[in-house]
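These notes are about the structure you will find just below.
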2 protein chains.
Amino acid sequence: MSRMSRGDRRDAIVAAAVAVAVRKGLASTTVRDVASEMGTSSGLIHHYFESMDDVLAAAFKRVASQDLTASGRQMVAAETPLAALKVFFRTYAPADKDWSFQLWLDAWAEAARRPAVRAISRQLNLEWQGLLEGVIRAGVADGTFTCAEPAAAAWRILSLLDGLALQVIAHGTTIGRDDVIAWTTGAAERELGLPDGALAARCARRGRARGTSPRPGPPGA
Amino acid sequence: MSRMSRGDRRDAIVAAAVAVAVRKGLASTTVRDVASEMGTSSGLIHHYFESMDDVLAAAFKRVASQDLTASGRQMVAAETPLAALKVFFRTYAPADKDWSFQLWLDAWAEAARRPAVRAISRQLNLEWQGLLEGVIRAGVADGTFTCAEPAAAAWRILSLLDGLALQVIAHGTTIGRDDVIAWTTGAAERELGLPDGALAARCARRGRARGTSPRPGPPGA
DNA sequence: TCGCGGATTGGACGGATGCGCAATATCGTC
DNA sequence: GACGATATTGCGCATCCGTCCAATCCGCGA
């Protein structure tokens, strides 16, 4: 394998780990898998990472924080809190075979036994909640929302979305993405004192930020 | 190991698998673990189960359906739909180190790759939703609840609870069991047209049906 | 052009994995 | 008491695991 600078190689390893984790699941991703995915030797992985736990945590972080920043960028770019909220639902609700959300399921399950994974998962969950809470506070400030407890409301909306999306990803046919969006936006409208349908309006279609491509992009810049 | 009838031995294997899965996680439970847990040989497990997938599915089913029937029994025994709903929240909300809910996390993550686990997980989730929907319909019928879509409302309440509980179990300190119950009951009150605090009243204390003991009970009748 | 340091290799290590099979032990039944 | 059925054993098989390390290769500065 051609030589690379320390940072580039780390990136390449993480990217390969993501590709494998998407295919086989976080818990079943092995050092050899990652090495053969990028056509190098297994020893190389341990030259850059202390343990497999760290590799998996980095892989999960790469995917999850990419989703978070992409969504966050779109949300802060929105002109009104209402528009930002619509962006949130559009980008967060998973598609049918959303490998990105499947990684979340893997991470939550692994969190109990892998400290590095738990730390990342917890931090990113907190950041999502903070992002949503910020939008709610902005909406309350400018009068579009009515909400007594922005922090709690953010947790409720986020968790409802997680719980419903989980059914879609884990079980497939139980409920669908459209149900997830419709039910969550409905709950959010009540949560924020919005009229019925204020959020529902045609935000269920197209242009997702996650799960669009079945394969992660190539590593490096 | 002393001889047992075909049914008893199957039960014993499943019980041992539960004990190991609680300790090590569903995904990391191996044939040898189960065998040594009950002091027998690994060949015995393969004599009773086609594959490890089936063993894990049976182990998960044992725990999860036990919770479901215990909770269901208490709910139908309740005198009013409101009381039944309180039982639901009290029994479903997980404690801090709830191994039973951790198994749900494991199952949801494994569902994508283990058909037998997926089938059980999906079925039990549907049964929980059906149980809750039945209570809501009963409450609507006798006038205590107001709800246009009992099925959707049941999914929302259940999923909100799952999403919040997930944070407690996977991340520990992010939010607590009290938050989970308070926020979910609050959402349920709005969902079912109940006055504030109708459900909250002191249902957060004591007497859980799940996660009470750190170890599963013995097999057999 | 040489040498050095770091990137990279590839396999050794002890142990674990699911699964399958021949051998054995122990029962109920005649 | 002997027999047949079957529950149970214990190990073999091929493959995999994470970790570790000596050897090798290569590019860059001198």
Side-chain angles (χ1 to χ4, degrees), chain A residues 1-21 23-60 106 109-110 113-117 219-220, chain B residues 1-21 23-60 106 109-110 112-118 219-220:
Chain A
M1 204 58 186
S2 67
R3 278 186 166 222
M4 296 177 85
S5 77
R6 195 145 183 101
D8 286 352
R9 179 55 78 191
R10 255 191 88 101
D11 273 357
I13 292 176
V14 173
V18 168
V20 176
R23 214 162 46 230
K24 303 185 50 177
L26 214 57
S28 304
T29 297
T30 72
V31 178
R32 282 169 178 77
D33 287 333
V34 177
S36 83
E37 171 76 20
M38 56 194 301
T40 63
S41 62
S42 72
L44 189 62
I45 274 77
H46 279 96
H47 191 255
Y48 285 89
F49 289 89
E50 284 232 334
S51 72
M52 196 53 199
D53 187 9
D54 293 332
V55 179
L56 295 181
F60 171 66
D106 291 347
E110 286 294 293
R113 279 163 298 260
R114 291 188 186 270
V117 171
Chain B
M1 204 58 185
S2 68
R3 276 188 166 217
M4 295 178 85
S5 76
R6 194 141 185 105
D8 285 352
R9 178 55 78 191
R10 257 190 88 100
D11 272 356
I13 292 175
V14 173
V18 168
V20 176
R23 213 163 45 230
K24 303 185 50 178
L26 215 56
S28 304
T29 297
T30 72
V31 178
R32 282 169 176 77
D33 287 334
V34 178
S36 84
E37 171 75 22
M38 56 195 299
T40 63
S41 63
S42 71
L44 190 63
I45 275 77
H46 282 97
H47 191 254
Y48 285 89
F49 288 88
E50 284 232 334
S51 73
M52 197 54 198
D53 186 10
D54 292 334
V55 178
L56 295 181
F60 171 67
D106 290 347
E110 286 292 294
R113 278 160 299 259
R114 292 187 186 270
V117 170
R118 175 170 59 243

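Below, read A as the first sequence line, B as the second, and so on, with proteins coming before strands; counting in each chain starts at 1. This is a predicted model, so every value here is computed, not measured.
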The side chain of [X] lies closest to which of these nucleotides: [options]?
X: B:His47; options: C:dT8, D:dA7, D:dC13; value: D:dA7
X: B:Tyr48; options: D:dA7, C:dC19, D:dT19; value: D:dA7
X: A:Thr30; options: D:dC17, D:dT9, D:dT19; value: D:dC17
X: A:Ser51; options: D:dT19, C:dG18, D:dT8; value: D:dT19

Phosphate contact ([N] OP1 or OP2) by [X] side-chain N/O below 4.0 Å:
X: A:His46; N: D:dC20; answer: no
X: B:Thr40; N: D:dT8; answer: no
X: B:Ser41; N: D:dT9; answer: yes
X: B:Arg32; N: C:dA16; answer: no
X: A:Arg9; N: C:dT8; answer: yes

Rounded to the Å, how far apart are [X] [atom1] and [N] [atom2]?
X: B:Ile45; N: C:dA16; atom1: CD1; atom2: P; result: 17 Å
X: B:Arg10; N: D:dT6; atom1: CZ; atom2: C1'; result: 17 Å
X: B:Leu56; N: C:dC19; atom1: CG; atom2: P; result: 10 Å
X: B:Asp54; N: C:dG18; atom1: CG; atom2: P; result: 13 Å
X: B:Asp8; N: C:dT26; atom1: CG; atom2: C1'; result: 17 Å
X: B:Lys24; N: C:dA16; atom1: NZ; atom2: P; result: 9 Å
X: B:Leu44; N: D:dA7; atom1: CG; atom2: C1'; result: 7 Å
X: B:Ile13; N: D:dA7; atom1: CD1; atom2: C1'; result: 11 Å

To check you understand the geometry: which heavy-atom pair defines the closest contact between A:Leu56 and A:Thr29, and what is its length?
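Heavy-atom minimum between the residues: CD2-CB, 3.8 Å.
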
Heavy atoms only: give me the nearest A:Arg32-A:Ser42 pair and the separation to one decimal.
CG-CB, 4.4 Å

Does some side-chain heavy atom of A:Phe60 sit less than 4.5 Å from a side-chain heavy atom of A:Glu110?
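Heavy-atom side-chain distance check fails, nothing below 4.5 Å.
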
Is A:Thr30 close to A:Asp33 at the side-chain level, that is, under 4.5 Å between some pair of heavy atoms?
yes

By nearest heavy atom, map A:Asp33 and B:Gly43 onto DNA chain D; which one lands nearer the 5' end?
B:Gly43

Taking B:Asp53 first and then B:Arg118, would you say they form a salt bridge - that is, a charged N and a carboxylate O separated by under 4.0 Å?
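Result for this pair is no, no salt bridge flagged.
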
